[in-house]
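The structure under discussion appears below in the form of structure tokens.
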Amino acid sequence: MAGGRWGRPSPGRDFGWLWAAYAASALGTGLAFSAFPLLAITVLHKGAAEVASLAAIGAAVGAAVAVPLGPWVEFRRKRSVMVAMDLVRCAALLSVPVAYALGRLGLAQLLLVSVVVAAADITFGAAAGACLKALVRPEAMVAAQARLESTTWTATVVGPPLGGALITLLGPVATVAADAVSYLLSAAGIRAIRSREPRPEREERAGARTGARLGDLVEGWRHVLAHPQLRPLFLHTVLVNALIMATAPLLAVLMLGPLGFTPWQYGLAFAVPCLGGLIGARLAPGLVDRFGRHRVLLVSGSLRVCWPVGLAFVRPGVGGLLLVMVVQFALITCIGVFNPVFAAHRLRLTETGRVARTLTAWSVSGKAATATLTALWGVLAGLAGPRAAIALAGALLLATPLLLPRREAPTDTCSTPGLTRVSAR
């Protein structure tokens with residue numbers, strides 16, 4: 001097998017096409033950052049309640065719609081599913097500029113498109129995880145995940161400013177159209193993968209009764225919650241991500257309201273630290289080579305939760321702005337290290353025939369937890385103030401490393417004939 005940088009195993013040429021497809025869609029997502037809220041506010045003249053419902057309901061309903069799609073994905077060719085989901089997202093998003101040009105754009109359409117895109121995102125992600133496991137050898141998986149993670153943070157830094165310029169030049173729906181085109185490019189990249197994809201083997205069931213099919217819907221959760229290594233990782237990641245995301249709108253209210261920061265200062269405070277994600281992702285493979293996957297997972301997972309409590313102490317002025325940037329930079333750098341190691345570890349511990357259902361269950365749970373805690377923390381902020389709510393979330397985050405697995409997984413092999421063998425340590 002060809003070696004990568006510094007002799008590290010390369011993920012391979014076919015992964016390069018998958019990476020290119022991911023980069024195209026990630027850039028499109030970055031360009032269209034906050035496009036729907038912006039359309040709701042500037043074109044449809046909706047208020048805060050309607051804008052909040054657009055984000056919350058779209059994600060929640062989309063996650064619910066995606067639940068039965070996990071078993072459907074499991075027993076189908078993953079690349080075909082990925083191309084189909086790209087085309088679905090493209091068509092849904094293109095309906096927005098078409099309706100805008102005809103003067104028929106409404107909040108109901110934005111909500112429907114949000115649901116379709118959210119469900120397609122989860123379905124695509126489940127298929128992509130299984131596809132990645134088949135394409136990349138186990139020893140190159142962290143490097144592959146690190147490339148995807150670095151691409152995410154690069155798009156986060158570059159996309160929104162370019163999207164703002166595009167809106168200024170071409171109007172408010174330009175970034176939505178660009179996002180739609182990015183999914184066409186993603187589909188083309190996936191189609192360019194040359195290696196043969198074996199036909200998935202269906203699980204044999206007596207009679208294929210409805211009860212068995214219903215059992216498929218919860219198979220992902222059943223697998224995760226019964227696995228001694230995946231269960232603590234599942235609880236840890238879902239809770240950490242939800243607590244971090246729940247405080248994001250509260251920090252915006254605090255900074256743009258009582259603290260008096262301008263919108264450009266607020267944007268700067270969160271754009272520049274995203275470079276830390278790129279740095280962390282680039283460091284992750286080398287850290288795993290030197291210290292081992294389990295130690296890096298444990299240390300980076302613990303370090304990333306130490307920072308958010310500092311946001312409760314932000315003050316007006318340059319000092320407060322620098323505090324937010326330092327805290328966010330440290331947080332995102334640790335996330336950049338943790339995410340690719342965690343993603344590779346999760347694939348190693350999941351049998352090939354369960355990957356799609358497991359990733360669907362994980363993603364749906366994460367979105368549900370984030371929506372629930374965001375609503376709960378909004379109520380808490382109304383009662384005690386945003387600063388107190390941010391502080392409580394930060395304090396709870398400090399306890400989440402207790403959920404990380406303390407022992408390394410024993411060596412095991414999860415494989416399906418015709419697909420890449422994956423050994424789980």
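- For Tyr183, there are no ring-ring contact (aromatic ring centres under 6.0 Å, His included) partners two or more places apart in sequence or in a different chain.
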**Message:** Before you tell me yes or no, could you show the steps for Val115 and Val65 under side chain to side chain contact (heavy atoms under 4.5 Å, CB included), namely the whole-Å CA-CA distance, both residues' side-chain angles and the distance that decides it to 0.1 Å?
**Reply:** CA-CA 8 Å; Val115 170; Val65 170; 4.3 Å; yes

**Message:** Using the rule given for side chain to side chain contact (heavy atoms under 4.5 Å, CB included), can you reason through Leu404 versus Ser302, listing the C-alpha separation, both sets of side-chain angles and the distance that settles it, and then say yes or no?
**Reply:** CA-CA 8 Å; Leu404 286 168; Ser302 300; 3.8 Å; yes

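- In this structure a side-chain-to-backbone donor-acceptor pair under 3.5 Å is present from Ser182 to Asp179.
- Applying the side chain to side chain contact (heavy atoms under 4.5 Å, CB included) criterion to Leu398, with sequence neighbours excluded, gives no partner residue.
- The nearest pair of heavy atoms linking Cys274 to Thr156 is SG-CG2, 3.5 Å.
- A distance-only check finds a donor-acceptor pair linking the side chain of Arg387 to the backbone of Val314 [under 3.5 Å].
- From Leu110, atom CG reaches atom CG of Leu105 across 5.0 Å, with rounding to the nearest 0.5 Å.
- Under a 3.5 Å cut-off, the side chain of Thr152 and the backbone N or O of Leu148 do form a donor-acceptor pair.
- In plain terms, the two heavy atoms of Pro249 and Ala246 that are nearest each other are CD-O, 3.6 Å.
- In this structure, Leu166 and Ala178 approach most closely via the heavy-atom pair CD2-CB, 4.1 Å.
- Atom CH2 of Trp377 is separated from atom CE of Met245 by 14.5 Å, given to the nearest 0.5 angstrom.
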**Message:** Using side chain to side chain contact (heavy atoms under 4.5 Å, CB included), reason through Val309 and Val327 one step at a time and then give a plain yes or no.
**Reply:** CA-CA 9 Å; Val309 69; Val327 168; over 6 Å; no

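- Side-chain contact check for Leu331 versus Ile244: some heavy-atom pair is nearer than 4.5 Å.
- Every residue two or more places apart in sequence or in another chain that forms a side chain to side chain contact (heavy atoms under 4.5 Å, CB included) with Leu235 is listed here: Arg231, Leu403.
- Atom OH of Tyr22 sits about 14.5 Å away from atom CZ of Arg147, to the nearest 0.5 Å.
- The side-chain hydrogen bond (donor to acceptor under 3.5 Å, both in side chains) search around Thr168 returns none, not counting sequence neighbours.
- Applying the side chain to side chain donor-acceptor pair (under 3.5 Å) test to pairs two or more places apart or on separate chains, none has a residue in residues 311-337.
- Checking side-chain atoms of Arg282 against main-chain N and O of Ser150 turns up no donor-acceptor pair under 3.5 Å.
- Aromatic ring pairs are classed by plane angle as parallel below 30°, tilted from 30° to 60° and perpendicular above 60°; the pair Phe15 and Trp19 is parallel.
- With sequence neighbours left out, the side-chain hydrogen bond (donor to acceptor under 3.5 Å, both in side chains) criterion links Ser363 to no other residue.
- For the side-chain hydrogen bond (donor to acceptor under 3.5 Å, both in side chains) test, residues two or more places apart in sequence or in another chain that qualify with Asp86 are Arg89, Ser186.
- Leu297 has its side chain within reach of Leu233: a pair of non-hydrogen atoms, C-beta onward, lies under 4.5 Å apart.
- Listed by chain and residue number, Ala369, Thr370, Leu373 satisfy the side chain to side chain contact (heavy atoms under 4.5 Å, CB included) test with Ala242 (two or more places apart in sequence, or in another chain).
- Between Phe342 and Trp362, the two ring planes are tilted [angle within 30° to 60°].
- Residues Pro172 and Ile167 come closest through the heavy atom pair CA-CG2, 4.0 Å.
- With sequence neighbours excluded, the residues that form a side chain to side chain contact (heavy atoms under 4.5 Å, CB included) with Val113 are Phe36, Ala92, Leu93, Ser95, Val96, Gln109, Val117.
- Between Gln229 and His345 the shortest side-chain heavy-atom distance falls below 4.5 Å.
- With Lys78 contributing its side chain and Cys131 its backbone, the two residues share no donor-acceptor pair below 3.5 Å.
- With a 4.5 Å cut-off on side-chain heavy atoms, Arg304 and Leu397 do not count as touching.
- Closest heavy-atom contact between Leu185 and Ala24: CB-CB, 3.9 Å.
- When the shell of 6.0 Å around CH2 of Trp307 is examined, it contains 12 or fewer heavy atoms from other residues, nucleotides or ligands.
- In terms of the ring-ring contact (aromatic ring centres under 6.0 Å, His included) criterion, Trp153 has no residue partners (sequence neighbours excluded).
- Atom CG of residue Leu283 and atom SG of residue Cys334 lie 10.5 Å apart, to the nearest 0.5 angstrom.
- Contact record, Pro273 with Phe329: CB-N, 3.4 Å, taken as the closest heavy-atom pair.
- With hydrogens and angles ignored, the 3.5 Å screen pairs a side-chain donor or acceptor of Glu74 with a backbone N or O of Ala356.
- Tested against Leu69 for a side-chain contact (heavy atoms from CB on, under 4.5 Å), the candidates Val364, Val81, Ile122, Thr123 yield a single pass: Thr123.
- Proximity of Val157 to Leu278: side-chain heavy atoms (C-beta onward) are nowhere separated by under 4.5 Å.
- The side-chain heavy atoms of Gln145 and Val341, taken from C-beta on, include no pair separated by under 4.5 Å.
- Using a 4.5 Å heavy-atom threshold, the side chains of Phe124 and Asp121 count as separate.
- The closest side-chain heavy-atom distance from Val305 to Pro401 is below 4.5 Å.
- Counted within 6.0 Å of CE on Met325, heavy atoms from surrounding residues, nucleotides or ligands total more than 12; the atom is thus considered enclosed.
- Between the CG atom of Leu268 and the CZ atom of Phe261 there is a distance of 11.0 Å, given to the nearest 0.5 Å.
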**Item:** Residues Leu225, Leu230; criterion side chain to side chain contact (heavy atoms under 4.5 Å, CB included); working and verdict
**Value:** CA-CA 7 Å; Leu225 296 177; Leu230 288 178; over 6 Å; no

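- With values rounded to the nearest 0.5 angstrom, Leu259 atom CG is found 4.0 Å from Leu254 atom CG.
- By the side-chain hydrogen bond (donor to acceptor under 3.5 Å, both in side chains) test, Ser195 is found to be paired with Asp14, Arg79, residues two or more places apart in sequence or in another chain being considered.
- With sequence neighbours left out, Tyr100 forms a ring-ring contact (aromatic ring centres under 6.0 Å, His included) with no residue at all.
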